[in-house]
Structures are given as C-alpha cells and as structure tokens.
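Residue numbers run from 1 in the order of the sequence given. Hydrogens, waters and symmetry mates play no part in the numbers below; they use all other heavy atoms, side chains included.
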Amino acid sequence: MDSETIPQTKLVGALVGGISVLRYLSASNSPLGVTQVARDLNINPSTCFNLLRTLVHEGLVVFNPDTKTYQIGLGLVEIAHSALNGASLVRLVQPLLDKISIENQVTLTLWQKMQDDRVMLIANSGPGSVISINMNVGQRLPCFVGALGRCFAAFSDLSKQQLKSAYSKIRIENPAPFEEWYDSLNDVRESKCAIDEGNFSQGFTTVSAPVFDVEDRPAMTISAVAVTAQLDKKKLEKIAEAVKQTASTVTAAIQGMPQKN
C-alpha cells in the first residue's frame, strides 16, 4: 500500500502533546506555569505536568523551582543547531532540490557563502536529462558571480563603490555593464529573486533566491540552472516561484519562525 494512502490515525498522543508543549513554550517570550500551559493547550493539568517533567528530564525544557515556571532549554537548541548544521542541513534541503529538478527538468544547486568572499557548492540535483549541467560539490565561485551573486550583493552592507570594485574582478563570459548590474539589485531586494540570462555562461539561464540566517543576512542561495533555449516565459516564472518558495521555507526553518508568504 502506498504510504500516502495510509490513514493518519495511529498517532502517539503523548508525543503529539509533548511537541505541542515545546512549540507553545518556544513561542512564549517568558517562562510559563503548568496551569497556563495546560489551559491554553487544552491539556489535562496532570497530563501537562507529566509532559513537562519528562521534557525537563530530557533537557529540552528548564524548570525554575522558585517561580514554578518552565521555559525552553538548551537541549532543544542543540537539536535544532545539529539539524541545521553541515551535512544535516543538506539532508533536509536535498529533497526540496530534487522536487524542483524533477518537476522542471533543471539542475538545482545550493551554495553557501564562505569567509573569503567566495561561495561553495554544498548540494545539487540534476534531472538526468540528455542536456544537463554538471557541477561538483565543493566547487567554489566568486561571491558576486551570476544570479546567486546578485542575491548576495543585493543584501550586502557594501557601498556602490565597494561593489563596483568586487564586480570588476569577476571573470565571466558575458558580463553585464556594472550600472545595469547594480540597478538590477533593487529588483532583487523587492522580489528576493535574481535571474541571470547568459551573463555568467552564454546559453544558460540561472534563477537564484537567497536563504537568510538568524541575523537576516544571506548565508546561502538556491539556484536553478537551465538551457535558455528550453525556457519560455511561463516555465521561467514557474521555476522562479519554486526556487523562491523553497528558499523561504529553508529560511523559516533556520530562523525558527513561521514561513512568510
């Protein structure tokens, strides 16, 4: 039987309750007592107390005996950090890249900003079609190259002159004039998406969207690369929306907040 057809009825009530408590405490700006948690979540006070006591034992929640209140503990932070760190992050994002790649027959890449003003490819997904773009994990590029570079540049703290200096050092096949490139950054800030049609590599179109860290700075970009001749306006718009939505989803996960529409 297909897993999607299995009725979702055998949920573990205690686990569901515990997760609800964790989410509730995470959303609170101050420690809370068991009575308030139980009331707001509509959980039996005795059950709520046992859930909180178990979460305290596991280090996910901290109990203050003086105020009789509970708040999120470092154990939960450690789990979240581990899940969004290094290879774990790639494992979380990979299915999202695969989905866009398969549905649109394009190559997807995930780039991470490094400290030396370069970006490194940390994940990719190819559609397996006759014409595809091959890039190896670990490959590095200048930070401001192509569509991904416009994403980093648009949300950087650099002045126009500093951006001009950095842009002049980039060696690509068909560079856009700096003023044209610089003016395009306003559109990137508004749409949180950048499109490079043949500037980085002739014959190829790249669509990129930034992924923001907890300080709301671009830490990564998700990019789709396609043969320009295989794209029309409708398909390009569909790819751009998918890339933006995925970047927004990853950003929301990293920042620990509800996803923005």
hydrophobic_cluster_shared for [Y] and [X], side chain cutoff 4.5 Å:
| X | Y | result |
| --- | --- | --- |
| Phe152 | Phe212 | no |
| Phe155 | Ile170 | no |
| Leu97 | Val137 | no |
| Val188 | Phe200 | no |
| Ile102 | Leu108 | no |

How long is the straight-line distance from [atom2] of [Y] back to [atom1] of [X], given to the nearest 0.5 Å?
| X | Y | atom1 | atom2 | result |
| --- | --- | --- | --- | --- |
| Asp213 | Lys113 | CG | NZ | 10.5 Å |
| Trp111 | Asn124 | CH2 | CG | 9.0 Å |
| Ser125 | Lys99 | OG | NZ | 12.5 Å |
| Gln161 | Leu163 | CD | CG | 9.5 Å |
| Lys235 | Gln230 | NZ | CD | 6.5 Å |
| Tyr24 | Gln36 | OH | CD | 4.0 Å |

Does the side-chain contact (heavy atoms from CB on, under 4.5 Å) test come out yes or no for Ile72 and Leu22, once each step is laid out? CA-CA 7 Å; Ile72 288 298; Leu22 286 174; 4.1 Å; yes
So, does [X] use its side chain to make a donor-acceptor pair with the main chain of [Y] at under 3.5 Å?
| X | Y | value |
| --- | --- | --- |
| Ser156 | Ala153 | yes |
| Asn50 | Ser46 | yes |
| Thr228 | Thr205 | yes |
| Ser201 | Phe204 | no |
| Gln245 | Ala242 | no |
| Ser184 | Trp181 | yes |
| Thr246 | Val243 | no |
| Arg217 | Val214 | no |

Non-hydrogen side-chain atoms of [X] and [Y] separated by less than 4.5 Å:
| X | Y | answer |
| --- | --- | --- |
| Lys160 | Glu179 | yes |
| Val119 | Gln112 | no |
| Ser208 | Cys151 | yes |
| Val21 | Tyr70 | no |
| Leu25 | Leu52 | yes |
| His57 | Phe63 | no |
| Leu236 | Ile195 | yes |
| Ile122 | Met220 | yes |

How far apart are the closest heavy atoms of [X] and [Y], and which atoms are they?
| X | Y | result |
| --- | --- | --- |
| Thr251 | Val211 | OG1-CA, 3.4 Å |
| Leu60 | Gly75 | CD2-C, 3.7 Å |
| Glu180 | Ala176 | OE2-CB, 3.9 Å |
| Ala209 | Lys192 | CB-O, 3.6 Å |
| Thr206 | Ser223 | CG2-CB, 4.1 Å |
| Leu51 | Ala14 | CD2-O, 3.5 Å |

Proximity of Phe144 and Tyr167 rings by center, below 6.0 Å: no
Does the side-chain hydrogen bond (donor to acceptor under 3.5 Å, both in side chains) test come out yes or no for Asn64 and Gln71, once each step is laid out? CA-CA 8 Å; Asn64 186 325; Gln71 65 186 71; over 6 Å; no
Please evaluate residues Leu148 and Ile222 with respect to the criterion side-chain contact (heavy atoms from CB on, under 4.5 Å), reporting the C-alpha separation (whole Å), side-chain torsions for both, the decisive distance (0.1 Å), and the verdict. CA-CA 8 Å; Leu148 67 89; Ile222 294 175; over 6 Å; no
Do Arg150 and Asp187 meet the salt-bridge criterion of a basic N to acidic O distance under 4.0 Å? no
Can you confirm if the NZ or CZ of Lys164 lies within 45° of the ring axis of Tyr182 and under 6.0 Å from the centre of its six-membered ring?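 No.
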Between Gln255 and Asp216, does the side-chain contact (heavy atoms from CB on, under 4.5 Å) criterion hold? Intermediate values first, please. CA-CA 8 Å; Gln255 296 184 345; Asp216 220 26; 3.1 Å; yes
Co-members of Leu74 in a cluster of I, L, V, M, F, W and Y side chains, linked at under 4.5 Å: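 So far as hydrophobic clustering goes, Leu74 is joined with none.
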Could you go step by step and tell me if Glu237 and Val207 meet the side-chain contact (heavy atoms from CB on, under 4.5 Å) rule? CA-CA 10 Å; Glu237 290 176 349; Val207 181; over 6 Å; no
Between Glu190 and Asn186, is a side-chain hydrogen bond (donor to acceptor under 3.5 Å, both in side chains) present by the stated rule, with each step listed? CA-CA 6 Å; Glu190 291 181 6; Asn186 289 324; over 6 Å; no
Counting neighbours of CZ on Arg189 that are heavy atoms of other residues, nucleotides or ligands and sit closer than 6.0 Å, is the number greater than 12?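 Above 12, so yes.
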